[in-house]
Number of protein chains: 2
Amino acid sequence: MEYNAKQLQIIEVAERLFSQKGFAGTSVRDIAQEADVNVSMISYYFGSKEKLIEALFQLRMTESRSRLETLMMLSELSALQKFNVFIDSVIDRLMGNQCFHNIMLREQLSSERTPVISEYIRGLKMRNVELIKRMIHEGQEAGDFRKDINVSLVTTTLYGTVNYAIATQDFYRIFNNLEHLTDDEFQAHLRNELSQHLKNLFKSTITNEHHIQN
Amino acid sequence: MEYNAKQLQIIEVAERLFSQKGFAGTSVRDIAQEADVNVSMISYYFGSKEKLIEALFQLRMTESRSRLETLMMLSELSALQKFNVFIDSVIDRLMGNQCFHNIMLREQLSSERTPVISEYIRGLKMRNVELIKRMIHEGQEAGDFRKDINVSLVTTTLYGTVNYAIATQDFYRIFNNLEHLTDDEFQAHLRNELSQHLKNLFKSTITNEHHIQN
DNA sequence: TTTTATTAAACAAACGTTTGATTAGTAAAA
DNA sequence: TTTTACTAATCAAACGTTTGTTTAATAAAA
């Protein structure tokens with residue numbers, strides 16, 4: 001589906017408002033006002049408020065589809081290096097699309113509100129966890145990774161940490177006295193700290209490192 | 001504040017519905033119907049829908065207040081043992097009150113919807129992260145823990161993992177072929193796996209263990 | 001009797017959506 | 001070239017519902 005400038009404007013405003021106030025907490029009049037269009041244009045272009053959020057999901061999910069999969073395949077990196085690349089890509093993806101991933105997280109908290117969206121999310125999650133599974137198995141066969149890794153929970157910690165860090169970034173900023181930084185500087189800082197933290201966290205747990213040393 | 005049976009019934013139904021459909025997505029008529037009371041009883045007892053969710057927060061937050069703090073103080077456990085006790089207590093608290101913590105996570109995703117509730121959450125988060133900070137410093141002074149631990153991000157990983165695991169438990173269940181378990185069995189299983197996973201994760205990263213062995 | 005609890009009905013406001021009219025641009029017919 | 005026909009975009013207004021809350025009357029409890 002191709003969208004014209006006005007349609008994209010509506011989608012982008014909707015994304016920001018849904019992220020800030022939730023789907024039910026945002027009225028089509030809110031969206032219309034901020035996007036500077038007539039209320040009826042939303043029904044006219046998308047059919048309904050429900051179809052609008054579906055259009056948002058369809059747009060954002062096809063955007064980010066499978067860039068990573070190919071990158072993971074053809075590389076000559078070690079399993080751990082691949083895993084580190086993946087960590088950074090998750091951080092970049094989530095921090096670079098905070099509004100959308102905020103909406104997506106909220107949707108996961110609701111018990112199956114919309115079949116269409118649930119299906120999008122399930123598909124995305126399945127692809128991600130399968131990717132991690134393959135990466136870990138690769139490392140295990142090379143003898144680099146431990147055998148007793150719970151793939152689901154490694155995935156959960158990775159996405160859970162990044163999601164929660166984004167959700168609570170205001171608290172993080174205050175608690176660590178980073179209010180003197182500009183917004184961009186703080187975002188970069190958080191990215192780096194998250195990257196370092198997660199790489200450390202997983203390195204010592206999924207590799208055989210300290211087992212060999214015994 | 002003391003609540004009678006009918007008030008508690010309203011609060012509990014509201015908690016379940018807010019958790020399932022969000023605050024804005026739940027109408028007072030929904031709540032009244034499921035709680036089997038007249039719509040006007042909500043205004044009568046709580047003043048407004050907004051005050052109802054504030055009452056819910058006040059109730060649930062005073063319930064769980066500071067049981068843990070005392071337990072942490074007087075114990076003769078090692079720093080790592082204390083940390084493990086803390087991990088289990090977080091898992092128990094969040095998994096034992098999934099509806100409420102679902103609501104709380106949702107509130108954190110919204111940018112400061114209600115000052116009262118934001119303040120409750122900020123206070124709780126501050127106490128939790130300070131508790132972890134003290135625990136980590138204790139371990140560092142005993143020489144058991146590494147010096148370069150980011151307290152905020154350790155906290156983020158702990159709460160982020162448990163929150164996200166709860167939010168995506170249906171997916172976890174399917175992906176790991178655990179549909180044959182009863183709901184209770186699955187909950188117990190998830191608890192155990194989470195506990196083991198998080199203890200492993202943190203043990204290797206926050207202790208000096210494999211540094212000493214070098 | 002006074003206070004508390006409960007109800008059905010009513011309220012204005014906000015909701016998502018539809019309507020019918022109008023505009024501007026393009027294509028077809030004269 | 002002028003006229004007619006058609007289309008997509010836009011709008012203010014109105015539609016019927018649902019929203020949270022209040023009211024006024026009644027029942028129960030103190």
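Below, chain A is the first sequence line, B the second, and so on; all start at residue 1.
Here the two rings, on Tyr164(A) and Tyr164(B), have centers that are 6.0 Å apart or farther. In this structure, Phe57(B) has its ring center under 6.0 Å from that of Phe100(B).
Residue Ser27(A) is classed as a sugar-phosphate contact, given heavy-atom separations below 4.0 Å to backbone atoms only.
Between the CG atom of Asn4(B) and the P atom of dT4(C) there is a distance of 13 Å, given to the nearest Å. Taking atom NZ on Lys49(B) and atom P on dA13(C), their separation rounds to 19 Å, with Å as the unit. The CZ atom of Phe46(B) sits 12 Å away from the P atom of dT6(C) (whole-angstrom rounding). Residue Gln9(B) contributes atom CD, which lies 14 Å from atom C1' of dT6(C) at whole-angstrom precision. Nucleotide dT19(D) holds its P atom 15 Å from the CG atom of Leu52(B), rounded to whole Å.
The cationic group of Lys125(A) lies under 6.0 Å from the six-membered ring centre of Phe171(B) and within 45° of the ring axis, placing it in a cation-pi geometry.
Under a 3.5 Å cut-off, the side chain of Asn102(B) and the backbone N or O of Leu109(A) do form a donor-acceptor pair.
The side-chain heavy atoms of Phe23(A) and Glu50(A), taken from C-beta on, include a pair separated by under 4.5 Å.
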N/O-N/O pairs, protein side and nucleotides 10-17 of chain D side, under 3.5 Å:
{"from": "dT10(D)", "atom 1": "OP1", "to": "Lys6(A)", "atom 2": "NZ", "distance (Å)": "3.0"}
{"from": "dT10(D)", "atom 1": "OP2", "to": "Tyr45(A)", "atom 2": "OH", "distance (Å)": "3.1"}
{"from": "dC11(D)", "atom 1": "OP2", "to": "Asn38(A)", "atom 2": "N", "distance (Å)": "3.3"}
{"from": "dC11(D)", "atom 1": "N4", "to": "Ser40(A)", "atom 2": "OG", "distance (Å)": "3.4"}
{"from": "dA12(D)", "atom 1": "OP2", "to": "Asn38(A)", "atom 2": "ND2", "distance (Å)": "3.3"}
{"from": "dA12(D)", "atom 1": "N7", "to": "Asn38(A)", "atom 2": "ND2", "distance (Å)": "3.3"}

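Remark: of the listed residues Glu12(A), Gln20(A), Met104(A), Glu15(A), Glu15(A) is the sole one forming a side-chain contact (heavy atoms from CB on, under 4.5 Å) with Cys99(A).
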